[in-house]
Each structure stands twice: as structure tokens, then as C-alpha cells.
Amino acid sequence: MKLIIISNRLPVKAIKTKGSFRFSRSEGGLTTGLDSLDTDIERHWIGWPGVDAKNLEDKEIITQHLLEKNFHPVFLSKKDIEEYYEGYSNSKIWPLCHYFFTLIQHESSHWDSYQMVNMLFAKAAEKIMEPGDIVWVQDYQLMLLPRMLRDINPTVSIGYFHHIPFPSYELFRVLPERAELLTGLLGADLIAFHTYEYMRHFISAAERVLDMSFELDEVRLRERIVRVDALPMGINFDLYYDSILNPKVARIAHKLKKDYRDHKIILSVDRLDYSKGILHRLKGFAQFLENNPEFWNKVSLFMIIVPSRDNVESYSGLKTKIDETIGSINGIYSNMNWTPVHYFYHGFSFEELCAMYYVADIALVTPLRDGMNLVAKEYIAAKRNANGVLILSEMAGASIELIDALIINPNDSTQIEEAILKALKMPESEQQERMKWMQKRVSKQTVNKWAGDFIRDLKSIRERNTALFSKVLSIEYEEEIRIAYDNTKQRLIILDYDGTLSPFMPKPEDAAPSAEILETLRLLASDKRNRVVISSGRDHNTLETWLGGLDIGLAAEHGAFFKEGSDWTKNSPPKEWEEEILQVMQQFVEKTPRSSLEVKETALVWHYRKVDAWLASIRVPQLIQALITPCTREHLQIMKGNKIIEIKYPEFTKGSEVNRLLKDKYYDFILAMGDDVTDEDMFNALPVGSYTIKIGTLSDSARFNLLNQTDTLPFLRRLAGRY
């Protein structure tokens with residue numbers, strides 16, 4: 001078994017110099033994090049090597065060098081980078097996920113390139129994937145890849161981690177390709193985010209766009225379960241915590257302390273990006289200087305900005321504004337002995353950065369929107385035995401964990417100003433106490449724990465899917481059922497109607513039986529060894545209209561009514577519905593667009609199949625809560641079914657109907673098929689050895705699963721000998 005990590009960039013990048021190539025470490029939190037991953041699984045990494053290799057010879061040189069480290073390059077052209085990376089990924093998905101709607105660029109060629117490049121990554125993975133391997137796809141540049149990999153090799157275990165925020169449905173729906181992206185992600189067995197907020201947004205989008213229904217953190221697809229979770233990424237804590245013990249780091253830190261012994265240092269470290277809130281931060285610092293002149297000549301902001309996407313118009317414009325703002329602040333406040341803002345537009349080495357973390361009195365981390373922000377965690381970890389204060393944006397994923405930081409709204413310059421003042425005046429004892437608790441948290445939630453938790457959860461869902469998928473009705477299982485069917489003489493066949501024989505319809509009244517349904521039921525009933533019964537939640541008048549002319553048994557409203565021969569029997573005396581219950585359900589119909597109320601003699605059903613998923617998630621628990629008291633008083637059962645809430649008398653279920661059918665006769669072959677929660681009662685009531693088949697979603701109660709409702713009638717016809 002191998003662990004195959006797939007990301008847009010490899011951990012190393014190739015740089016061509018004078019006809020040859022040299023290789024250096026790639027920047028970014030993902031590289032830093034996974035590079036220190038501790039695992040005994042053979043690890044491979046697929047990604048772009050960071051260079052436009054124009055000829056076959058260059059590609060072969062790069063490939064051979066990288067293979068020594070189990071790195072597998074995907075070569076992208078300059079056009080690919082422009083349209084797939086700078087185009088669709090960073091001019092559409094990135095601004096959307098960071099809530100910068102006005103910066104989104106819509107170009108059809110970008111989407112075409114995004115699909116094509118995702119397929120290039122899929123083909124690269126195909127070359128090394130083997131059954132049982134674990135594939136871990138990283139981030140928004142490859143949202144289509146999980147589905148592509150699933151189509152190529154269904155036996156591999158696929159995980160996906162989204163490193164940036166996932167936007168709310170109201171924003172995500174702006175994407176014309178929203179359904180394709182969600183379908184791509186759902187090719188994974190496990191989809192994870194930094195925070196539960198992003199997880200919630202994803203589930204909301206999937207339910208509304210793809211009409212799915214999640215149960216807590218899982219959704220059951222035809223062939224498997226997909227789990228969604230929140231797994232906050234950490235850092236290599238020991239690496240940063242011990243960094244000051246490195247003589248080189250210690251020398252740099254000592255020099256910084258000496259040079260700025262009379263100054264408080266505020267540190268800011270970012271990539272050049274509009275989501276980082278750099279201009280808002282500068283405004284807050286300028287406001288602090290204006291309103292607190294007593295700190296002139298005493299406080300300096302060290303602003304490190306790592307170049308990023310300079311050739312993208314929105315980024316180059318941002319850099320110009322940053323340069324102008326810093327120039328303005330320094331022009332107003334600086335003197336011969338003091339520069340308010342020290343500006344570094346380049347990356348720092350690990351040693352230099354750790355020394356800055358250690359020395360800095362304050363870390364100012366104020367992104368407008370950020371998936372996690374590892375800078376905040378690195379600063380905390382590097383403070384081995386030094387005081388410091390973290391000012392952190394509430395919009396960063398890290399704010400969920402680092403609650404002892406000074407949490408601010410990055411859009412409010414006054415909050416930034418006040419937080420700086422509070423940090424500068426904070427007693428050392430309070431600094432130490434806050435730092436102790438944050439270091440304790442960061443030291444536990446490390447990158448190894450993050451990766452270990454992800455791999456463990458991925459293995460867990462694979463084991464569960466393997467167990468469930470082993471029950472899918474295969475050719476071998478069908479042959480077993482057919483042989484038993486052929487060699488028995490007293491058969492009971494119990495079939496649900498909606499979702500089993502007939503597909504679900506937007507309007508329940510539109511689900512009248514097709515000619516194929518009627519023909520199949522006649523075929524089964526024509527064999528004198530068969531007793532065929534339709535066991536449904538439908539009312540008996542509808543079943544009589546649709547199926548009353550067939551020589552089969554009918555059970556309506558979960559067995560409250562049943563028909564043997566030509567007569568219907570009601571199992572209980574007539575009861576009138578409590579007016580309070582009717583009023584409650586009618587109120588929910590009125591305030592929930594697209595819902596409806598079905599009134600039966602023994603059941604009330606609130607249908608919400610066409611209701612918006614988010615609204616349904618609110619109304620369902622509200623309705624159940626409103627019904628608990630009157631239903632308890634009347635000894636009624638509240639059942640949550642497939643997009644329905646049903647109020648019924650508890651003495652009748654599909655299980656009670658099974659007991660009635662088995663009371664008067666022995667059967668040497670029993671087959672039961674159904675798709676809903678109510679059918680679980682039927683499955684559980686049947687004797688061991690019965691052939692129980694759940695339609696559509698995977699089931700723990702049924703003996704077998706048939707993945708598609710459209711396969712039900714062909715299966716029954718094959719069973720009856722009509723191929």
C-alpha cells in the first residue's frame with residue numbers, strides 16, 4: 001500500500017540555469033507541513049515541478065531526478081499556468097472562496113483548461129495507483145480530481161483536503177460549474193476542511209445543488225458513503241519550538257535584540273494577496289501612531305511580504321497601494337533614528353524567520369479571510385521562553401483554536417489600533433499565561449496529528465464502505481437468490497412501492513404504475529407458488545385505484561389496511577385526528593414553500609421533497625419539536641422518512657404487516673425489497689435466511705443492496721425467468 005499525495009506543486013521546484021537544472025524547496029504551508037509528516041507508509045508525491053519544460057530532454061532530466069525522491073512531475077505549459085492556475089484557480093475559485101466576489105473573472109477557456117489539467121493529474125496518478133493505495137488530493141486547484149480518480153480505479157481510497165475557506169452556498173452558487181466541482185469532490189471517501197464553518201458551507205452547497213441529504217457528517221451515495229469532517233492543520237511544533245537552540249537562529253535573534261533594544265517590534269508575515277488584509281492592517285497601525293504619540297520612536301512594524309502572482313492585475317495593483325501606504329506612513333512619522341514600518345518584499349530563510357518570531361513582541365495576523373493561517377501557530381511555537389502577544393483575525397481558521405490571542409475583526413481599523421495598544425501594555429504575567437495555553441494547544445494539534453487523523457479517518461471510512469459494499473447485489477448473489485427461488489414451492493415476495501417499484505416523483509400523485517410495473521407484477525403473480533404483497537405507506541384508496549385489479553396482496557398505510565382477495569380490511573377502528581396536530585402541520589405547510597400535507601385515515605404525512613435543503617433542515621426539527629407534546633398525549637408515533645415526517649398510530653408498521661403475513665402460513669422462500677427507513681422494520685421482522693434487499697442507499701439492516709431503483713424491475717423479471 002502506498003500513500004500518494006497529489007497537489008498543484010511538488011515540494012521542490014526545478015529552476016533552469018545555463019542549460020542545467022537545480023532544485024530548491026517550494027514555499028507554502030502545505031510543503032512545510034507534509035514535509036515533516038511521520039508515516040511508515042511508502043510515500044509518493046505528484047505535482048507540477050514549477051518550470052515550463054519545453055522539450056522532451058528537459059522533461060526526462062527533471063523526471064529522473066525527481067523519481068529518486070518518489071516525486072512524479074506533471075508538466076504544465078505556460079498557457080496551462082495562465083488559464084488553469086492564474087485563470088480559473090486564482091481568478092475564480094480563490095476570490096470566490098475568500099468572499100471577494102467583485103474580483104471573479106469568468107472566462108470559458110479557463111474552465112476548459114481547469115478540466116484538462118485535472119485530467120493530466122489523473123493520468124499521472126493512473127500510472128502508479130494500485131488497488132488498496134491511499135490517494136490524498138490537496139486543495140482547490142484539483143477539485144475535479146477525486147471523481148476522475150474514482151472513475152479510473154474504484155478500489156483506491158481517496159481523500160481530499162480543502163486548505164482555503166469554503167464559501168456559503170449563497171456565494172458558491174454564483175459558479176456556473178458548481179455542480180461539476182461538487183461532484184468532483186464527492187469522488188473522495190473523505191472530504192475535510194480546517195473548520196466546522198467551512199464543512200457546514202460545503203454540506204449546504206451539496207444538499208442544495210445536488211439534492212443530497214446528509215445525516216450529520218455523512219452522505220450515502222449509490223455505491224458508498226462519503227464523510228465530511230473538520231481537521232485543523234497544524235505545524236511541526238518541535239521544529240519551531242527548538243529553533244532558538246540553533247546557533248544561527250540565536251545569532252540572528254541576538255543581533256535583532258541589540259539593534260532594536262529600545263523598540264517594541266510588531267511582526268507581520270504574509271504572501272502578497274488581497275485576502276490577507278495588509279492595507280487594513282497598515283491603516284490600523286497608522287491610526288495607532290496618530291492617536292498614541294507617546295509610542296513614537298518606540299514601536300516599529302516589520303512587514304514581510306512574500307511575492308506572489310505579481311503578473312495578475314489585481315495583485316500588482318495591490319502591491320502598488322501597499323508601497324504607497326507604507327511610504328506615506330514613513331514619510332509622516334519617521335526620523336533619523338526611527339522608521340515606523342520596515343518593509344521587506346521577499347521571502348526569509350527558515351532561520352531568519354524563526355529569529356524574527358522569537359524577538360517580535362507582537363505578531364499582527366489579520367487576514368480578511370483565511371483557511372487556517374499557519375503563521376500564527378509558527379509564532380506561538382517559536383516563543384520557547386520569550387514573551388509575546390498574538391493579535392489574530394477572527395476570520396482566520398486558527399482563531400477557532402487560539403482563543404487566548406487578542407481576537408479582532410480585521411475590517412475595523414479601530415479594533416486593530418486598540419489591540420496593538422492593549423498588547424503593548426499587557427503585563428508580562430498575562431503574556432506568559434496566554435502563551436502557555438496557546439503553546440499547549442499548538443503542541444498537541446501538530447501537522448503529524450493532522451495527517452495521522454486524516455489517514456486514520458480515511459481508513460475507517462474505507463473499512464466501512466468495504467463492509468457495506470460487500471452486500472451489493474452482485475451477479476453471484478443474484479444467482480444464489482435465483483437458485484433458492486427455483487428450488488422452493490412456498491414463496492412470499494413483499495415489495496415496497498415508491499422508490500422501489502416506482503421512482504420518486506416531485507408530486508406523489510404522479511407515481512402511478514407504468515406498464516412495465518404492472519406487467520412485472522402480473523408475471524410474478526402468475527406463478528401459483530408466489531404470494532406477492534405490495535407493502536406501502538400509501539393510502540388504500542390510491543393502491544386500490546392503481547393496483548387493485550391485480551391478483552396480489554396489498555397493505556396500505558404500513559399495514560393499517562390490508563387486502564386479501566377482493567376485500568379491504570382495516571386493522572383498527574376509525575379515529576379522528578386531533579385538531580391541534582392538524583393545525584400544527586398545516587401551519588408548517590403554509591410557512592414552508594413547496595411542502596404539502598397528506599391526510600390519511602391512519603397517518604398524516606408532511607412532504608418536503610421539493611423544499612430548499614437549508615429551510616428543510618430548520619423546519620424538520622421545528623416540526624418534530626412542535627408535535628412531541630400533542631403526539632405523546634395521543635400516543636402517536638413521529639417518524640422521519642425519505643423527505644417526509646409522518647404521524648401514525650404506533651401499532652402498525654411494515655414490521656407488523658410482516659408478522660401478520662407469517663402468522664397463517666410457512667414459506668420456504670421470502671424476498672423483501674424496499675428503499676426507506678420504514679422498510680427497515682420489515683427487514684428486521686423477517687426470519688433469518690430471508691432475502692432482504694435495500695434499494696438505493698446502503699443499509700445496515702438489509703442482507704443485500706441494489707444500488708439503482710431502475711434495476712428493481714429487471715431483477716424481478718430475471719428472477720421470474722424472463723431474461
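Any value given below was found using the heavy atoms of this structure, including those in side chains, with hydrogens, waters and symmetry copies removed.
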* Donor-acceptor pair, Glu516 side chain versus Leu713 backbone, under 3.5 Å? -> no

* Asked: Closest approach of Gly47 and Phe121, non-hydrogen atoms and distance?
  -> CA-CE2, 3.8 Å

* Asked: Are the side chain of Ser690 and the backbone N or O of Leu686 linked by a donor-acceptor pair below 3.5 Å?
  -> no

* Is there a side-chain contact between Leu662 and Ile670 (heavy atoms, below 4.5 Å)? -> yes

* To do: Classify the angle between the aromatic ring planes of Phe704 and Tyr477 as parallel (below 30°), tilted (30 to 60°) or perpendicular (above 60°).
  => tilted

* Side-chain touch Arg491/Tyr667, heavy atoms, less than 4.5 angstrom -> no

* Asked: Under 3.5 Å, is there a donor-acceptor pair between the side chain of Ser168 and the main chain of His201?
  -> no

* Asked: Should the pair Lys648-Glu598 be classified as a salt bridge under the 4.0 Å nitrogen-to-oxygen rule?
  -> no

* Asked: Ignoring hydrogens and geometry, is there a side-chain-to-backbone donor-acceptor pair from Asn708 to Thr710 under 3.5 Å?
  -> no

* Asked: Run the salt bridge (charged side-chain N to carboxylate O under 4.0 Å, His left out) check on Asp681 and Lys654 step by step: do they pass?
  -> CA-CA 6 Å; Asp681 291 331; Lys654 289 191 176 182; over 6 Å; no

* Close side-chain approach of Val658 to Arg660, heavy-atom, < 4.5 Å -> no

* Atom OG1 in Thr466, atom NZ in Lys471: separation rounded to 0.5 Å? -> 13.5 Å

* Between the main-chain N or O of Arg200 and the side-chain N or O of Ser204, is there a donor-acceptor pair closer than 3.5 Å? -> no

* Answer yes if the side chains of Ser474 and Glu476 hold a donor-acceptor pair under 3.5 Å, and no otherwise. => yes

* Please check if any side-chain donor atom of Asp217 sits under 3.5 Å from a side-chain acceptor atom of Tyr196, or the reverse. => no

* Structure fact -> Heavy-atom nearest pair, Met199 first then Ala230, reads SD-N, 3.8 Å

* To do: Applying side-chain hydrogen bond (donor to acceptor under 3.5 Å, both in side chains), run through Asn530 and Tyr485 and close with a yes or a no.
  => CA-CA 10 Å; Asn530 293 343; Tyr485 180 88; 2.9 Å; yes

* Asked: Between Phe161 and Trp450, how do the two ring planes meet: parallel, tilted or perpendicular, split at 30° and 60°?
  -> perpendicular

* Asked: Just checking, any donor-acceptor pair under 3.5 angstrom between side chains of Thr155 and Asn153?
  -> yes

* Got a sec: does the CD1 of Ile475 have more than 12 other heavy atoms crowding it under 6.0 Å? -> no

* Asked: Is any side-chain N of the basic residue among Arg538 and Glu557 closer than 4.0 Å to the acidic one's carboxylate O?
  -> no

* State, yes or no, whether a side-chain contact exists between Val219 and Val228 at a heavy-atom distance under 4.5 Å. => no

* Asked: For the rings on Phe669 and Tyr691, is their centre-to-centre separation under 6.0 Å?
  -> yes

* To do: Would you mind telling me which of Lys459, Arg224, Arg462 makes a side-chain contact (heavy atoms from CB on, under 4.5 Å) with Asp189?
  => Arg224

* Can you name the closest pair of heavy atoms from Ile494 and Ser535 and give their distance? -> CG2-CB, 3.8 Å

* Structure fact -> Between Tyr140 and Met143 the two heavy atoms that sit nearest each other are O-CG, 3.4 Å

* **Minimum side-chain heavy-atom gap Gln637-Ile647 below 4.5 Å** => no

* Side-chain ion pair, Lys440 and Glu401, N-O less than 4.0 Å -> no

* **Side chains of Met129 and Leu149 in contact at under 4.5 Å (non-hydrogen atoms)** => yes

* Give a yes or no on whether the backbone of Tyr114 and the side-chain of Asn118 come within a donor-acceptor separation of less than 3.5 Å. => yes

* Asked: Restricting to pairs with a member in residues 164-182, which pass salt bridge (Lys or Arg N to Asp or Glu O under 4.0 Å), not counting sequence neighbours?
  -> Lys92-Glu177, Glu170-Arg208

* **Within-4.5 Å side-chain heavy-atom neighbours: Val442 and Leu402** => yes

* Do Asn8 and Tyr84 meet the criterion of a side-chain donor-acceptor pair at a distance under 3.5 Å? -> yes

* Check for a donor-acceptor pair, side chain of Asp133 on one end and backbone N or O of Lys2 on the other, with a separation under 3.5 Å. => yes

* If you draw a 6.0 Å radius around CD in Glu479, do more than 12 non-hydrogen atoms from other residues or ligands fall strictly inside? -> yes

* Between Ser7 and Trp45, a side-chain donor and acceptor under 3.5 Å -> yes

* Between Arg147 and Gly187, is there a donor-acceptor pair closer than 3.5 Å when you use the side chain of the first and the backbone of the second? -> no

* Asked: Hey, is the main chain of Thr500 close enough, under 3.5 Å, to the side chain of Gln709 for a donor-acceptor pair?
  -> yes

* Going by distance alone, is a donor N or O of one side chain under 3.5 Å from an acceptor N or O of the other, for Glu646 and His558? -> yes

* Asked: Are Thr592 and Arg619 linked by a side-chain donor-acceptor pair shorter than 3.5 Å?
  -> yes

* Classify the ring geometry between Trp136 and Phe454 as parallel (under 30°), tilted (30 to 60°) or perpendicular (over 60°). => parallel

* Quick one: side-chain hydrogen bond (donor to acceptor under 3.5 Å, both in side chains) partners of Ser701, sequence neighbours excluded? -> Glu680

* Look at Asp676 together with Lys694 and state whether they make a salt bridge at an N to O cut-off of under 4.0 Å. => no

* Distance-minimising heavy-atom pair for Ala511 and Ser502 -> O-OG, 3.6 Å

